[in-house]
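Just so you know, these numbers come straight off a predicted model, no measurement behind them.
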Amino acid sequence: MRFLSYFNSPSTVYSMKSSIIITILALTSLLFCPSDLNAKPRHRYFKTTDAEFFKTDTARQIGARILLFQRVTGGWPKNTDLVSPMTAAQVSKVLQDKSRVDDSTIDNNATTMEMRFLAQLNNACPSGVYKAAISKGLDFLLSGQYENGGWPQFWPDPKGYQVHITYNDDAMYNTLSLFQDLLSGNGPYKNIIDAEMASKLQRSVDKAVEVILDTQIKVNGEPTVWCQQHDRDTYAPAKARAYELPSFTSLESANLLKFLMSLPNPDERVKKAVHGGVKWLDRNKITGMRYERPRDKDGKAITAQLISDPNATSIWSRYYDLDECLPFFCDRDGIPRRSLDEIGFERRTGYGWYDARPNEVFAIYSEWADRYDPENKLRF
């Protein structure tokens with residue numbers, strides 16, 4: 001990784017002027033905090049694309065917190081509260097933490113989520129401060145890419161399973177999608193990057209395509225889907241947390257297929273990868289069952305179960321074992337089990353064991369195949 005040279009680059013060192021601006025914005029957010037920031041669910045702010053919202057005081061206050069939490073690396077830590085009002089002591093602590101280089105990540109939507117919000121905010125209220133933060137974020141993202149095209153979860157000093165090429169929770173997909181939007185220059189991503197940065201992002205996307213194709217799991221020579229993470233050297237499916245074992249995985253693979261189908265002028269290798277992945281999803285769908293994970297008033301799941309429902313849309317298990325391609329579930333003891341009921345309440349309710357996202361792939365695939373490879377289009 002090129003992080004050390006990036007870290008010493010003048011373009012990534014916070015200037016006194018930028019630090020003062022960020023501090024003023026953060027303190028202002030304490031004094032003039034819209035009451036709307038106390039409303040729930042707060043995650044809605046990071047999903048909206050309403051241009052009018054980004055002209056509001058609420059959006060600017062969230063933007064101030066985003067600037068505050070950006071590390072000297074250019075990235076952001078995960079699972080931070082970027083919405084709730086902050087005390088002066090909390091602001092002081094975050095300002096002290098800006099020099100940390102051990103918690104910047106693309107896990108759990110971190111960094112890409114903040115950069116997208118800033119792009120929307122800059123589109124509504126143009127500011128050199130927002131663009132500078134996005135530029136620093138891009139330098140951070142580019143610095144973390146392996147030469148083979150993959151990204152770890154954390155850098156510059158990943159530990160344990162963090163070193164693996166990570167598709168988990170769409171970390172790499174989110175990064176590449178952001179790059180594609182910036183390269184398109186559409187909507188709020190207009191005039192964010194210059195020609196030099198565009199060239200860097202395109203090279204990064206091209207390298208990522210190669211590693212995605214290289215890590216796709218092959219069975220009898222035929223491409224299928226991906227694991228949540230792959231060894232950065234051998235490309236083999238790799239283990240992460242105790243309950244995240246090497247496997248075929250449906251959730252992350254669906255978005256990887258969507259990414260491949262977003263590429264202009266796909267070559268034969270990309271076409272084969274898409275056909276193979278879609279075929280695997282079709283063969284391993286679960287029909288006639290509905291996955292339920294009801295929650296209490298605080299948003300915590302109270303149970304998780306499969307219920308017979310002949311009218312339910314298709315779902316997929318999060319994991320399928322590599323030997324028999326059968327669904328499995330795993331507790332923190334690392335022992336795979338065939339039934340969701342066999343694992344403890346904490347993991348059973350605290351993790352998404354089934355998903356319906358691959359349904360999105362089929363509609364996209366039909367149009368994609370008609371356009372790029374009608375002769376080999378799969379019929380379902």
Side-chain angles (χ1 to χ4, degrees), residues 43-44 46-49 75-80 104-117 119 137-138 140-142 144-146 149-155 158 161-183 189 201 204-205 207-209 211-213 215-217 224-230 232 237-241 243-244 246-263 273-274 277-278 280-281 315-320 350-365:
H43 60 75
R44 73 186 188 279
F46 296 97
K47 294 184 176 180
T48 184
T49 57
W76 280 263
K78 67 178 181 178
N79 302 334
T80 53
S104 299
T105 182
I106 53 173
D107 191 30
N108 286 16
N109 299 314
T111 300
T112 54
M113 178 184 73
E114 287 87 353
M115 291 173 66
R116 285 187 179 281
F117 193 97
L138 288 175
F140 169 71
L141 291 174
L142 290 170
Q145 189 175 28
Y146 291 136
W151 272 270
Q153 276 193 353
F154 289 77
W155 64 90
Y161 67 81
Q162 294 172 356
V163 305
H164 295 317
I165 295 167
T166 182
Y167 302 129
N168 203 348
D169 289 334
D170 302 319
M172 234 176 92
Y173 171 78
N174 290 338
T175 300
L176 294 170
S177 295
L178 174 64
F179 286 2
Q180 287 180 313
D181 285 338
L182 288 165
L183 286 167
Y189 304 99
L201 296 187
S204 176
V205 171
K207 288 169 60 176
V209 171
V211 81
I212 289 171
L213 296 175
T215 52
Q216 190 173 22
I217 301 170
T224 60
V225 289
W226 292 264
C227 186
Q228 285 180 320
Q229 47 280 317
H230 289 256
R232 62 178 174 179
K239 177 184 176 182
R241 290 174 289 188
Y243 49 89
E244 295 173 327
S247 62
F248 300 102
T249 185
S250 60
L251 185 72
E252 289 81 2
S253 293
N255 269 351
L256 291 176
L257 288 168
K258 287 164 65 176
F259 167 72
L260 291 177
M261 287 189 286
S262 73
L263 300 174
V274 171
V278 172
W280 187 95
L281 290 176
I315 57 174
W316 285 257
S317 176
R318 184 71 175 270
Y319 301 118
Y320 294 77
Y351 199 72
W353 293 104
Y354 292 93
D355 66 273
R357 179 190 286 171
N359 286 305
E360 301 169 10
V361 172
F362 291 97
I364 299 171
Y365 171 78

Item checked: Validation row: Trp151, Thr105 side chains within 4.5 angstrom (heavy atoms) -> no
Next item on the list: Sequence neighbours left out, what passes salt bridge (charged side-chain N to carboxylate O under 4.0 Å, His left out) with Lys78? Give chain and number order.
Entry: Asp107
Note to self: Can you confirm whether Gln145 sits close enough to Val211 that some side-chain heavy atom of one is under 4.5 Å from a side-chain heavy atom of the other?
What the structure shows: no
Notebook entry, point to check: Do Val209 and Leu176 come close enough that some side-chain heavy atom pair is under 4.5 Å?
Noted result: no
Checklist line | Side-chain touch Arg116/Asp181, heavy atoms, less than 4.5 angstrom | finding: yes
Checklist line | Distance (rounded to the nearest 0.5 Å) between Asn174 CG and Met172 CE | finding: 11.0 Å
Checklist line | Donor-acceptor pair between Tyr167 and Thr215 side chains, under 3.5 angstrom | finding: yes
Item checked: With Arg318 via salt bridge (charged side-chain N to carboxylate O under 4.0 Å, His left out) - residues at least two apart -> Asp169, Glu252
Check: Closest approach of Val278 and Leu257, non-hydrogen atoms and distance?
Finding: N-CD1, 4.0 Å
Next item on the list: For the pair Trp155 and Phe140, name the ring-plane relationship: parallel under 30°, tilted 30 to 60°, perpendicular over 60°.
Entry: parallel
Check: Listed by chain and number, what are the ring pair (Phe, Tyr, Trp, His ring centres under 6.0 Å) partners of Tyr189, not counting sequence neighbours?
Finding: none
Next item on the list: State, with a plain yes or no, whether a side-chain heavy atom of Tyr161 is found less than 4.5 Å away from one of Arg241.
Entry: yes
Item checked: Gln216 side chain vs Trp226 backbone, donor-acceptor pair below 3.5 Å -> no
Check: Is the centre of the Phe46 ring less than 6.0 Å from the centre of the Phe117 ring?
Finding: yes
Notebook entry, point to check: Taking C-beta and beyond as the side chain, do His230 and Ile217 meet within less than 4.5 Å on heavy atoms?
Noted result: yes
Notebook entry, point to check: So which heavy atom on Ala238 is nearest to which on Cys227, and how close?
Noted result: O-SG, 3.8 Å
Checklist line | 4.5 Å side-chain heavy-atom contact, Lys207 and Tyr146 | finding: no
Check: With distance as the sole test, does Glu114 use its side chain to make a donor-acceptor pair with the main-chain N or O of Trp76 at under 3.5 Å?
Finding: no
Notebook entry, point to check: Between Thr166 and Gln229, is there a donor-acceptor pair closer than 3.5 Å when you use the side chain of the first and the backbone of the second?
Noted result: no
Notebook entry, point to check: Between OG1 of Thr112 and CG of Leu178, what distance do you get to the nearest 0.5 Å?
Noted result: 6.5 Å
Checklist line | Leu251 versus Asp170, closest heavy-atom pair with distance | finding: O-OD1, 4.5 Å
Checklist line | For the student: nearest non-hydrogen atoms of Val163 and Pro152, plus distance | finding: O-CB, 4.0 Å
Check: Hey, does the side chain of Ser253 reach the backbone of Ser250 with a donor-acceptor pair shorter than 3.5 angstrom?
Finding: no
Next item on the list: To the nearest 0.5 Å, tell me how far Leu256 CG sits from Met261 CE.
Entry: 11.0 Å
Check: Given side chains that start at C-beta, do those of Ile315 and Asn359 come closer than 4.5 Å, heavy atoms only?
Finding: no
Next item on the list: Calculate, to the nearest 0.5 Å, the distance between atoms CZ and CG belonging to Phe259 and Asn255 respectively.
Entry: 11.0 Å
Checklist line | Geometric class of the Phe362/Trp316 ring pair [parallel <30°, tilted 30-60°, perpendicular >60°] | finding: parallel
